[in-house]
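This report refers to the structure that appears directly beneath it.
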Amino acid sequence: MTTNETKPDQYFGPIADAKTILLTTYRRDGTPVATPVHVVATGDVAYIRTFDPSGKLKRMRHNPEVTVAPSTMRGRVLGESRLARARILSGAESDAVAQALSRKYRIVHRFLIPWFHRRKGLTTVHIELTPA
């Protein structure tokens, strides 16, 4: 799984080269909550990382329908939004995503985020985003 496999005509093509995307999840009452997150995308699949318990993970467990758009680290949208469906990964799938993220974000996802999660006693969770 490498980012070089992505072509612009594929579903997640607009976010494939983005360092950050704006992930919008929805509360039970339908209120949207937007969060900038790092992403690694390959064609029709994108992956993100978070921790358990996080608000976005709780919202995705209740409603897996999300929207994604390329953005700045502060959340300013830089391109068109895409509808997606979130699926929480485990086992070998999760390990592959962790490796892909650590290749794209060499310092942050290889060292800093895993260290922070361990230090705080958080469980790292990887999420697959597919076209809705």
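Here the structure is a predicted model, which is why all the values come from computation and not from measurement. Keep in mind that the numbers below use all heavy atoms, side chains included, and drop hydrogens, waters and symmetry copies.
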> Would R82 count as a cation-pi partner of F12, with NZ or CZ less than 6.0 Å from the six-membered ring centre and within 45° of the ring normal?
Replying inline: no
Could you pull out all donor-acceptor pairs under 3.5 Å where a side-chain atom in residues 69-79 meets a protein atom, sequence neighbours excluded?
residue: S71; atom: OG; partner: L22; partner atom: N; Å: 3.3
residue: T72; atom: OG1; partner: R74; partner atom: N; Å: 3.4
residue: T72; atom: OG1; partner: G75; partner atom: N; Å: 3.4
residue: T72; atom: OG1; partner: R76; partner atom: N; Å: 3.0

> Can you list every pair that meets ring-ring contact (aromatic ring centres under 6.0 Å, His included) and has a residue in residues 59-91, with sequence neighbours left out?
Replying inline: none
Show me, pair by pair, the donor-acceptor contacts under 3.5 angstrom made by side chains of residues 117-128, not counting sequence neighbours?
residue: H117; atom: ND1; partner: T124; partner atom: OG1; Å: 2.6
residue: H126; atom: ND1; partner: S94; partner atom: OG; Å: 2.6
residue: H126; atom: NE2; partner: R49; partner atom: NE; Å: 3.0
residue: H126; atom: NE2; partner: R49; partner atom: NH2; Å: 3.2
residue: E128; atom: OE1; partner: R87; partner atom: NE; Å: 2.9
residue: E128; atom: OE1; partner: R87; partner atom: NH2; Å: 3.2

>> Assess the residue pair Y47 and L89 against the criterion (side chain to side chain contact (heavy atoms under 4.5 Å, CB included)); give the C-alpha distance rounded to whole Å, side-chain angles, the decisive distance to 0.1 Å, and a yes or no.
In response: CA-CA 10 Å; Y47 302 96; L89 302 176; 3.9 Å; yes
> Side-chain contact, heavy-atom cut-off 4.5 Å: V68 with L129?
Replying inline: yes
>> Counting C-beta onward and ignoring hydrogens, is there a side-chain heavy-atom pair between L112 and I107 closer than 4.5 Å?
In response: yes
> Can you list every pair that meets salt bridge (Lys or Arg N to Asp or Glu O under 4.0 Å) and has a residue in residues 33-42, with sequence neighbours left out?
Replying inline: none
> Do K56 and L23 pass the side chain to side chain contact (heavy atoms under 4.5 Å, CB included) test, and can you show the C-alpha distance, the side-chain angles, and the key distance before you say yes or no?
Replying inline: CA-CA 9 Å; K56 64 183 151 293; L23 173 74; 4.0 Å; yes
>> Restricting to side-chain hydrogen bond (donor to acceptor under 3.5 Å, both in side chains), what partner residues turn up for D52, sequence neighbours left out?
In response: R61
> At their closest point, which heavy atom of Y26 faces which heavy atom of N63, and how far apart are they?
Replying inline: CB-ND2, 3.8 Å
> Does the side chain to side chain contact (heavy atoms under 4.5 Å, CB included) test come out yes or no for I21 and I48, once each step is laid out?
Replying inline: CA-CA 9 Å; I21 62 168; I48 61 171; 4.2 Å; yes
>> For the backbone of L83 and the side chain of Y11, can you confirm whether one donor and one acceptor N or O come within less than 3.5 Å of each other?
In response: yes
>> To check you understand the geometry: which heavy-atom pair defines the closest contact between T20 and Y105, and what is its length?
In response: N-OH, 4.5 Å
Distance-only check: which donor-acceptor pairs under 3.5 Å involve side-chain atoms of residues 31-40, not counting sequence neighbours?
residue: T31; atom: OG1; partner: D29; partner atom: OD1; Å: 2.7
residue: T31; atom: OG1; partner: D29; partner atom: OD2; Å: 3.2
residue: H38; atom: ND1; partner: H109; partner atom: NE2; Å: 2.9

